[in-house]
Participant: 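Here's a structure for you.
Only this structure's heavy atoms are used, side chains among them; waters, hydrogens and symmetry mates stay out.
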Amino acid sequence: MFSKFSSFYEKARNKEIVAGLSLISVAVILNLIFGYFAMIFAFYLSFFKWDYIGQMQFVGLKNFEIVIRDLIRGFHGAPYLLSPFYTGLKNILIYTAIVVPIQTFLAIVLAAFANQKIRGQQFFKVSYFLPATTSSVIVALIFIWLFMKNGFINYALAHIIPGFQPIDWINDRNYLLLAIAMVAIWGTSGHFMVSFLAAMQAIPREIYEAAMLDGAGPIRRFFFITIPMLRPMIVYVVVMGLIGALQMFDLAWVMAGANGGPGGAGYTVALDIYNEAFTRIRPGVAAAKSWFLFAIIFTTTYLFQKKYGRAMR
């Protein structure tokens, strides 16, 4: 058997195949174990009641029934402690509606500036991308200090807006989710800026030169050439932004706490899944809620790509 492998490996093309498979094997194995196996086991677990110690007890669709009852109570105005999944879902949808459009727009603007041939261009590129290389936990801790009632953000706003009264961003239920969204926008726009910058630099210069000969100014060139040519990248960035926003956990955990802050204003679906699994010790219910979240993410991204993703084909 070893001799057969040796004769197979001697061919140059086969060497490339073996080398390629060896390089991707580790990533594939890790993805199979922590990705597909975990997903299949979560689906299996959603039909059982378990406490991590005793025997698993089959309960059928009861865990999904718990989730649906939670949503119904929330629709009827139940407080967040009685409908945590509904509260997390409502908050995360509002958060996504704020973060995804703004971070996409800001990333395009930053990429447009970074694409200009000006002095210090490399410094600006690094400065824009720096937040994406910083731990989200560290960023959240820094912004907690900035968002304090006597912090820098209130100090700056007081000098910009006449008569501005300091806001307790973290401890006020009306502003907590907005504060988390602002941190997310600051931390992700630089990452997507790199994607848009690469797409802008791939646009043929001849198109811009032809438009300049026709008398098109920089603003018209941006809206009638750059934006349409960026459509595939915009679809990609929006889809990735939707996936990341809908399953946001780290910023909410640090800035709002495990219980979501005052009145559950910073509570998210991912926080609720974590609490179900490790605080209430109901991994079956947590698995059912995770599949609800998966269905929401899959449906949202599928419909968006179906409507706007034709340019990517």
Side-chain angles (χ1 to χ4, degrees), residues 26-27 30-31 33-35 38 88 91-92 94-96 98-111 113-114 122-156 168-172 175-198 236-262 264-275 277-279 286 290 293 297:
V26 176
L30 290 175
N31 191 40
I33 296 173
F34 297 103
N91 288 338
I92 206 64
I94 297 172
Y95 168 87
T96 302
I98 296 172
V99 171
V100 174
I102 296 178
Q103 76 179 6
T104 304
F105 171 77
L106 187 58
I108 293 175
V109 173
L110 292 175
F113 278 112
Q122 293 301 323
F123 171 77
F124 287 117
K125 289 180 181 179
V126 173
S127 300
Y128 296 153
F129 188 70
L130 190 60
T133 64
T134 308
S135 169
S136 57
V137 175
I138 302 300
V139 170
L141 290 173
I142 294 173
F143 270 92
I144 287 175
W145 176 75
L146 294 175
F147 277 118
M148 291 173 63
K149 196 168 184 179
N150 58 347
F152 177 78
I153 291 178
N154 282 331
Y155 175 80
D168 194 357
W169 296 86
I170 304 300
N171 297 312
D172 191 328
Y175 296 99
L176 175 57
L177 190 63
L178 178 61
I180 297 173
M182 291 169 64
V183 177
I185 292 168
W186 181 86
T188 56
S189 298
H191 171 77
F192 291 126
M193 178 271 294
V194 175
S195 301
F196 282 122
L197 179 61
Y236 166 78
V237 167
V238 171
V239 168
M240 296 304 294
L242 286 171
I243 294 172
L246 288 171
Q247 58 183 355
M248 188 271 292
F249 174 82
D250 46 2
L251 294 179
W253 172 266
V254 178
M255 297 184 68
N259 294 321
Y267 204 68
T268 66
V269 176
L271 271 178
D272 189 46
I273 293 172
Y274 175 88
N275 286 330
F278 301 109
T279 303
S290 67
L293 179 60
I297 293 174

Participant: How would you list, by chain and number, every residue that makes a side chain to side chain contact (heavy atoms under 4.5 Å, CB included) with Leu293, sequence neighbours excluded?
Facilitator: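 Here the qualifying residues are Gln247, Val269, Ile273, Ile297.
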Participant: Please name all residues satisfying side chain to side chain contact (heavy atoms under 4.5 Å, CB included) with Ile33, sequence neighbours left out, ordered by chain then number.
Facilitator: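 In terms of side chain to side chain contact (heavy atoms under 4.5 Å, CB included), with neighbours along the sequence ignored, Ile33 is linked to Ile29.
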Participant: Rounded at 0.5 Å granularity, tell me how far OG1 in Thr104 sits from CD1 in Ile185.
Facilitator: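 That separation rounds to 9.5 Å.
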Participant: What residues form a side chain to side chain contact (heavy atoms under 4.5 Å, CB included) with Asn275, not counting sequence neighbours?
Facilitator: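 With neighbours one apart ignored, the set is Ala258, Tyr267, Thr279, Arg280.
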Participant: What is the distance from atom CZ of Phe147 to atom CG of Asn154, rounded to the nearest 0.5 Å?
Facilitator: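 Between Phe147 CZ and Asn154 CG, I get 9.0 Å after rounding to 0.5 Å.
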Participant: Decide if the gap between the ring center of Phe192 and the ring center of Phe196 is smaller than 6.0 angstrom.
Facilitator: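 They do not qualify: ring centres at least 6.0 Å apart.
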Participant: Closest heavy-atom contact between Val100 and Leu242?
Facilitator: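 For Val100 versus Leu242, the nearest heavy atoms are CG2-N, 3.9 Å.
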Participant: What heavy-atom pair brings Val254 and Ile144 nearest, and what distance separates the two atoms?
Facilitator: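 In terms of heavy atoms, the two residues are closest at O-CD1, 3.6 Å.
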Participant: Just do the side-chain contact (heavy atoms from CB on, under 4.5 Å) check on Val139 and Trp186 with the steps written out, would you?
Facilitator: CA-CA 10 Å; Val139 170; Trp186 181 86; 3.7 Å; yes
Participant: State, to 0.1 Å, how close Gly266 and Ala252 come at their nearest heavy-atom pair, and which atoms those are.
Facilitator: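 That closest heavy-atom pairing would be O-CB, 3.5 Å.
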Participant: So which heavy atom on Val237 is nearest to which on Ser195, and how close?
Facilitator: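 In terms of heavy atoms, the two residues are closest at CG2-CB, 4.5 Å.
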Participant: Say you draw a straight line from CG of Leu106 to CG of Leu110; how long is it, rounded to the nearest 0.5 Å?
Facilitator: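 Reported to 0.5 Å precision, the distance equals 4.5 Å.
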Participant: Yes or no on side-chain contact (heavy atoms from CB on, under 4.5 Å) for Leu251 and Phe143, after CA distance, side-chain angles and deciding distance?
Facilitator: CA-CA 10 Å; Leu251 294 179; Phe143 270 92; over 6 Å; no
Participant: What are the two closest heavy atoms between Leu176 and Met255, and how far apart are they?
Facilitator: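 Between these two residues, the closest heavy atoms are CD1-O, 4.1 Å.
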Participant: Please check if atom CZ in Phe113 has more than 12 non-hydrogen atoms from other residues, nucleotides or ligands closer than 6.0 Å.
Facilitator: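 At most 12 heavy atoms, drawn from other residues, nucleotides or ligands, come within 6.0 Å of this atom.
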Participant: Has Asp250 got a side-chain atom pairing as donor or acceptor with Ala140's backbone, closer than 3.5 angstrom?
Facilitator: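 No; judged by distance alone, with no hydrogens or angles, the pair does not exist.
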Participant: Are any non-hydrogen side-chain atoms of Met248 and Ile180 less than 4.5 angstrom apart?
Facilitator: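 Met248 reaches Ile180 side chain to side chain.
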Participant: Evaluate the ring planes of Phe249 and Tyr274, with Trp represented by its six-membered ring, and classify them as parallel (under 30°), tilted (30 to 60°) or perpendicular (over 60°).
Facilitator: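 Because their plane-to-plane angle lies in the 30° to 60° range, the rings of Phe249 and Tyr274 count as tilted.
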Participant: Find the distance between CG (Leu178) and OH (Tyr95) and round it off to the nearest 0.5 Å.
Facilitator: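 OH of Tyr95 is found 11.5 Å from CG of Leu178.
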Participant: Indicate the atoms forming the closest heavy-atom contact of Ala265 with Asn91, along with that distance.
Facilitator: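 Nearest heavy atoms, Ala265 then Asn91: O-ND2, 3.5 Å.
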Participant: How long is the span from the CG atom in Leu177 to the CG atom in Asp172, to the nearest 0.5 Å?
Facilitator: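 So the CG of Leu177 and the CG of Asp172 are separated by 12.0 Å.
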Participant: Rounded to the nearest 0.5 Å, what's the gap from CD1 on Ile243 to CG on Leu246? Could you check?
Facilitator: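 The CD1 atom of Ile243 sits 8.5 Å away from the CG atom of Leu246.
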Participant: Output, in order, the C-alpha distance, side-chain angles, deciding distance and verdict of side-chain contact (heavy atoms from CB on, under 4.5 Å) for Ile153 and Trp169.
Facilitator: CA-CA 10 Å; Ile153 291 178; Trp169 296 86; 4.2 Å; yes
